[in-house]
Q: 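Got a structure for you, questions after.
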Amino acid sequence: MKKILIAVFAMLSVFSCSEKKDNNSTSSISSPAPTAEKSLEETNDKKILNVATMVNDFSKIKGQIINKMSCDVNIKFYPGGDNSDPLELMNLDILSGEDIDVVYTGVDDMSQFIKNNYLTDLYPLMEQSETLKKEDFLPNVLSGLEVDGKIPAICDNWILYTAIAKTENVGENMESWTPEQAFEAFYNMPEDMNFINHEWQEYDRINYLIKRVAIDSVDYKNNTCDFGGDFLKMLESINNLPEFQPYEFVDSCGLIKNRALISDIFLNGINAILTGWTYTEFGGADVTFVGYPSETGKGYVTDAFSMLGILETSSKKQEGYEFIELMLNDNSINTDYLNNMPITEKNLSDQLKESKYNNMSVHCPQQLPDSEEEIEISEEAIEKAVEYIRNVEFEPYTSSEVDSIVFSEYHKCFEGETTPQQCADMLNNRISLYLSENE
């Protein structure tokens, strides 16, 4: 069946790509031909909002959101399988004129819709809304979602990757440190200290050092890349590191006892994970968000999993935005809001308020490793983390395919198959070609 579809719609230039996360696939898609806005469907005097999704677990909240909408909602799920590409099938439905108002899918898929101008700008709908306006979003999140001054889609979750160290070990001015500062700390460590707390293999160290520099080498706005600058310098610096020594086990108090310098972490909200990473593992000591080494001052990596957008051809944009409002701001629907990074000011406020009473709390006492002592994260530590979250530059539109290419090429370098220069040249060629093909 898929072969027939591809043959019939070859002029649409639909190509299969690699999957991002566990519920999304990515394909190149073509813009739909201009069509007149569709006539309204009505059932029992109610409009029908048609939602197309590839998100597997959306059924968990389907009932709650339908009951709260001012109109009826029809949800069409596009499953992936051996003989079908869900993005291809959804794209074919859109191009054939099927009545679809809202799309809810992964970032790679949504990026294709954005590039092909399928989606409406959400800013005007925010201005008309009484419950979810522009100023209700965290400014850095909203800024990261902008494309050419418009908001074509909104994420309903995101995650923040970074790294932390005891302030006493790195100093107070090391937030988002440079490669030079990271290497200086590495060479000045005591002999019995590991660089990374979970350094089970050499690649942990390599991946940590190169993670952010690799992202900084790609300019998605201008569809260009340069792996011959900071990235190449980092490859050469890593090649000059002392020979890797097999990991020496760090016990559960390793960070407290200064047996390891940094901890590579992720944050998914103001919750118990925040407590564990930034406080309990360091025994309540003050910590600094050193992040991943970078010359740009971005010591973190952000990632989103799924996004919501309204098709430009929809005749029910107001209802579509009502759907988005409920998905983001209604805690009876967004039941996992405590375990997602905040998108709106309300999300942040609710996390801080609810965490004081929830047993997955940033405030609940936690037992220190190898000790019966219980501690509670301080308000000062929470405020420091919130400030950090507010100031990261949110970057949701990076490509998982680019990440895969970079990962495969620099691992070849460290396996001795290529030199740093050959690796940089190969990445410039492969990534440039990928970006040009996906403009």
Side-chain angles (χ1 to χ4, degrees), residues 6 9-21 23-35 52-55 78 80 85-98 100-125 141-156 158 215 217-225 302-314 317 320 324 393-406 430-439:
I6 292 175
F9 292 96
M11 73 290 291
L12 301 179
S13 300
V14 182
F15 302 99
S16 295
C17 280
S18 64
E19 196 168 295
K20 173 165 184 170
K21 309 300 183 295
N23 56 359
N24 306 311
S25 62
T26 306
S27 300
S28 294
I29 52 181
S30 303
S31 301
T35 57
T53 183
M54 291 178 250
V55 179
Y78 290 78
D85 179 342
L87 180 61
E88 178 184 313
L89 297 177
M90 185 186 291
N91 185 52
L92 292 177
D93 282 348
I94 293 172
L95 291 171
S96 65
E98 183 162 327
I100 296 176
D101 302 295
V102 176
V103 288
Y104 180 34
T105 187
V107 176
D108 280 354
D109 297 336
M110 195 66 80
S111 294
Q112 293 297 326
F113 288 128
I114 292 169
K115 288 176 182 177
N116 289 280
N117 299 313
Y118 277 22
L119 304 175
T120 193
D121 180 14
L122 299 178
Y123 269 144
L125 294 167
V141 173
L142 200 62
S143 175
L145 291 166
E146 276 195 3
V147 177
D148 298 328
K150 300 177 181 180
I151 298 290
I154 292 178
C155 60
D156 63 331
W158 66 289
I215 293 174
S217 300
V218 183
D219 181 349
Y220 286 97
K221 289 184 179 179
N222 296 305
N223 274 338
T224 60
C225 65
T302 62
D303 200 3
F305 301 109
S306 51
M307 305 186 83
L308 294 144
I310 301 172
L311 290 184
E312 183 61 41
T313 53
S314 171
K317 293 184 176 68
I324 291 175
E393 183 177 330
F394 183 47
E395 300 167 298
Y397 296 118
T398 58
S399 166
S400 63
E401 180 65 19
V402 167
D403 293 344
S404 296
I405 294 172
V406 173
R430 290 188 65 184
I431 303 301
S432 294
L433 179 61
Y434 175 85
L435 293 172
S436 65
E437 289 177 343
N438 286 273
E439 282 191 77

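The analysis underlying the following values was restricted to heavy atoms, covering all of them including side chains, and did not include hydrogens, waters or symmetry mates.
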Q: Does the side chain of Thr105 come within less than 4.5 Å of Met307's, by heavy atoms?
A: no
Q: Are Leu308 and Val103 close enough, and set up right, to give a side chain to side chain contact (heavy atoms under 4.5 Å, CB included), and what steps lead you there?
A: CA-CA 6 Å; Leu308 294 144; Val103 288; over 6 Å; no
Q: Where do Tyr123 and Leu142 land on the side chain to side chain contact (heavy atoms under 4.5 Å, CB included) test, with the steps shown first?
A: CA-CA 10 Å; Tyr123 269 144; Leu142 200 62; 3.9 Å; yes
Q: Quick one: are Ser399 and Tyr434 in side-chain contact, heavy atoms under 4.5 Å?
A: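 In short, these two side chains touch, coming nearer than 4.5 Å.
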Q: Given side chain to side chain contact (heavy atoms under 4.5 Å, CB included), test Ile154 with Val141 step by step and report yes or no.
A: CA-CA 9 Å; Ile154 292 178; Val141 173; over 6 Å; no
Q: Decide yes or no for Leu435 and Asn438: does some side-chain heavy atom of the first lie under 4.5 Å from some side-chain heavy atom of the second?
A: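 A side-chain contact is absent here, since even the closest heavy-atom pair is not under 4.5 Å.
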Q: Counting only N and O atoms by type, is there a donor-acceptor contact under 3.5 Å from the side chain of Ser314 to the main-chain atoms of Ile310?
A: no
Q: Do Asn117 and Glu312 touch side chain to side chain, with heavy atoms closer than 4.5 Å?
A: no
Q: Check Asp121 against Ile151 and note the closest heavy-atom contact, atom names and distance.
A: OD1-N, 2.9 Å
Q: Starting at CZ of Arg430, measure out to OG of Ser404 and round the result to the nearest 0.5 Å.
A: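 If we round to the nearest 0.5 Å, Arg430:CZ and Ser404:OG are 9.5 Å apart.
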Q: Does any N or O in the side chain of Tyr397 come within less than 3.5 Å of the main-chain N or O of Leu145, such that one atom is a donor and the other an acceptor?
A: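 Confirmed, Tyr397 side chain pairs with Leu145 backbone.
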Q: Is it true that a side-chain atom of Asp219 and a backbone atom of Cys225 form a donor plus acceptor pair closer than 3.5 Å?
A: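 No: the side chain of Asp219 does not pair with the backbone of Cys225.
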Q: Measuring from Thr313:OG1 to Glu98:CD, what's the distance to the nearest 0.5 Å?
A: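 Output value for this atom pair is 11.5 Å.
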Q: Test side chain to side chain donor-acceptor pair (under 3.5 Å) on Glu88 and Tyr78 and set out the steps.
A: CA-CA 10 Å; Glu88 178 184 313; Tyr78 290 78; over 6 Å; no
Q: Taking all atoms of both residues into account, what is the closest heavy-atom pair of Lys317 and Thr120, and its distance?
A: CE-OG1, 3.5 Å
Q: Kindly give the heavy-atom pair with the smallest separation between Ala153 and Leu119, and that separation in Å.
A: CB-CD1, 4.3 Å
Q: Counting distance only, does the side-chain N/O of Asn91 pair as donor-acceptor with the main-chain N or O of Leu87 below 3.5 Å?
A: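 No: the side chain of Asn91 does not pair with the backbone of Leu87.
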Q: Evaluate side chain to side chain contact (heavy atoms under 4.5 Å, CB included) for Phe305 paired with Cys155, printing each intermediate quantity in order.
A: CA-CA 8 Å; Phe305 301 109; Cys155 60; over 6 Å; no
Q: Does any part of the side chain of Phe113, heavy atoms only, come nearer than 4.5 Å to the side chain of Met90, both counted from C-beta?
A: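 A side-chain contact under 4.5 Å exists here.
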Q: Is the shortest heavy-atom distance from the side chain of Tyr104 to the side chain of Ser306 under 4.5 Å?
A: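 Tyr104 vs Ser306: side chains touch.
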Q: Report yes if the side chains of Tyr118 and Leu95 come closer than 4.5 Å at any heavy-atom pair, otherwise no.
A: yes
Q: Is any side-chain heavy atom of Thr398 less than 4.5 Å from a side-chain heavy atom of Tyr220?
A: yes
